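Some notes on the structure that comes next.
By convention in this document, chain letters (A, B, ...) are assigned in the order of the sequence lines, proteins followed by strands, and residues within each chain are numbered from 1. All heavy atoms count here, side chains included; hydrogens, waters and symmetry mates do not. Source: prediction; values computed, not measured.
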Protein chains: 2
Amino acid sequence: MLTDMPTAQPVSAPAAASDIPEVASELRTSVMRMRRRLANERHPDNDLSLGSMAVLGALYANDEMTLGALAARERVQPPSMTRMVNFLEEGGYVVRRQGETDRRQVLVSITDKGRRTVRKDRLSRDAWLAQQLVDLDADELAALRTAASIMERIATS
Amino acid sequence: MLTDMPTAQPVSAPAAASDIPEVASELRTSVMRMRRRLANERHPDNDLSLGSMAVLGALYANDEMTLGALAARERVQPPSMTRMVNFLEEGGYVVRRQGETDRRQVLVSITDKGRRTVRKDRLSRDAWLAQQLVDLDADELAALRTAASIMERIATS
DNA sequence: TATTGTTATACTCTATAACTATA
DNA sequence: TATAGTTATAGAGTATAACAATA
């Protein structure tokens, strides 16, 4: 029964300006709590931090990236990425090699072990979160997908 | 024009099971990046961390809470909340008092300065995020609101 | 004994500053 | 000189363990 609902908005309808601060506040709060919960709930059967797994995921998609590109993508400073890459290299998940055209660069690529870890981990690492989503209806899931896309865009803008 | 869209789902339509892991993964990634971006973009004119502001916000809504209740609400361990409350108390944003019926408890309440800070901060602290939202259309804003609500529920479950 | 909160301590993640190697 | 990355160091935020006070 949609009789009480506002009519569907055209796709380009601007948001009501008065709602924006409220949504911003709600979103910020929920992101902070969600992040903490995700950090707490992550699967303990590999020793990679969430940040390291994100790096590995980027390399899974891109095969080889410079350390600087990884740092920019993950929005961390280069020293932080150096640490993550060190850790991943020690574990055999990635390898470094020197850039060919520019020998200052460090090209990072994923190993077979890294690839296997990503595949295996993608099956299990979101298990907790996926479990929290199973009871959602299709509209709610769609809203999450839309929100994730918007947040991704905002966070990397 | 909705001719190409699937018919509106009944509210209880279950989500497609195959989409869940994908949404979980997208959501997790975007939450992590968003949180880092929010931490970087916060307004520098007060010295309160994001966590401390969340505590102050809870006290703004609830007037007086035990330290344990605050810790549970923010999903941190009691020692972490002790630290945050110490910091807020030193700044004059909150006051402690001993529980009356149970004298082990610490009741934390917000001061006038704390209230003013919350009000002032709510106008400015989400300014960056709100600015990122102004170009969204009504559907996207609604999706964010729905997502925030779901994340809040999941994070505090 | 169990619970509420605090103190002491350590760990993780991130940052800035100073440095090396290369462009 | 400028840039890519590393090393050294520090800070923020969180946790666990041991403790004190109270129930």
query = Looking across every strand, which nucleic acid part, if any, lies under 4.0 Å from B:Met84 by heavy atom: base, sugar-phosphate, or nothing?
reply = sugar-phosphate
Within the sub-3.5 Å range, which N or O atoms of nucleotides 20-23 of chain C have a protein N or O partner, and how far apart are they?
from, atom 1, to, atom 2, distance (Å)
C:dT22, O2, A:Arg104, NH1, 3.4
C:dA23, OP1, A:Arg103, N, 2.9

Below 4.0 Å: OP1/OP2 of C:dA15 and any side-chain N or O of A:Ser80
yes
Quick check on D:dA12: is either OP1 or OP2 less than 4.0 Å from any side-chain nitrogen or oxygen of B:Ser49?
no
When rounded to whole Å, the CG to P distance for the pair B:Leu48 and D:dA12 reads 13 Å
Testing C:dT6, C:dG5, D:dT6 for proximity to the side chain of B:Pro79, the answer is C:dT6
When A:Gly68 and A:Arg35 are each assigned the nearest nucleotide of DNA chain D, the 5'-most assignment goes to A:Gly68
Practice problem: Would you please say whether a donor-acceptor pair under 3.5 Å links the side chains of A:Ser49 and A:Ser52? | Solution: yes
Within residues 70-78 of chain B, the residues having a heavy atom closer than 4.0 Å to DNA chain D are B:Val76, B:Gln77
Short N-O contact, B:Arg97 and B:Glu100, less than 4.0 angstrom
yes
**Message:** Please check this pair: side chain of A:Ser80 against backbone of A:Val76, looking for a donor-acceptor N/O pair closer than 3.5 Å.
**Reply:** no
Cationic N near anionic O, under 4.0 Å, A:Arg115 to A:Asp63
yes
Between CZ of A:Arg97 and P of D:dA4 the distance, given in whole Å, is 17 Å
A:Arg37 atom CZ is separated from D:dT14 atom P, nearest whole Å, by 15 Å
Any donor-acceptor N/O pair under 3.5 Å between D:dT14 base and A:Arg36 side chain | no
A:Met81 CE to D:dT7 P, in whole Å, measures 16 Å
When rounded to whole Å, the CG to C1' distance for the pair B:Leu50 and C:dC13 reads 15 Å
Rounded to whole Å, the CZ-C1' distance (A:Arg96 to D:dG5) equals 9 Å
Whole-Å distance, B:Gln105 CD to D:dA20 P, equals 21 Å
Between CZ of A:Phe87 and P of C:dT12 the distance, given in whole Å, is 9 Å
One should read off an interatomic distance between A:Leu27 CG and B:Gln132 CD, to the nearest 0.5 angstrom, of 11.5 Å
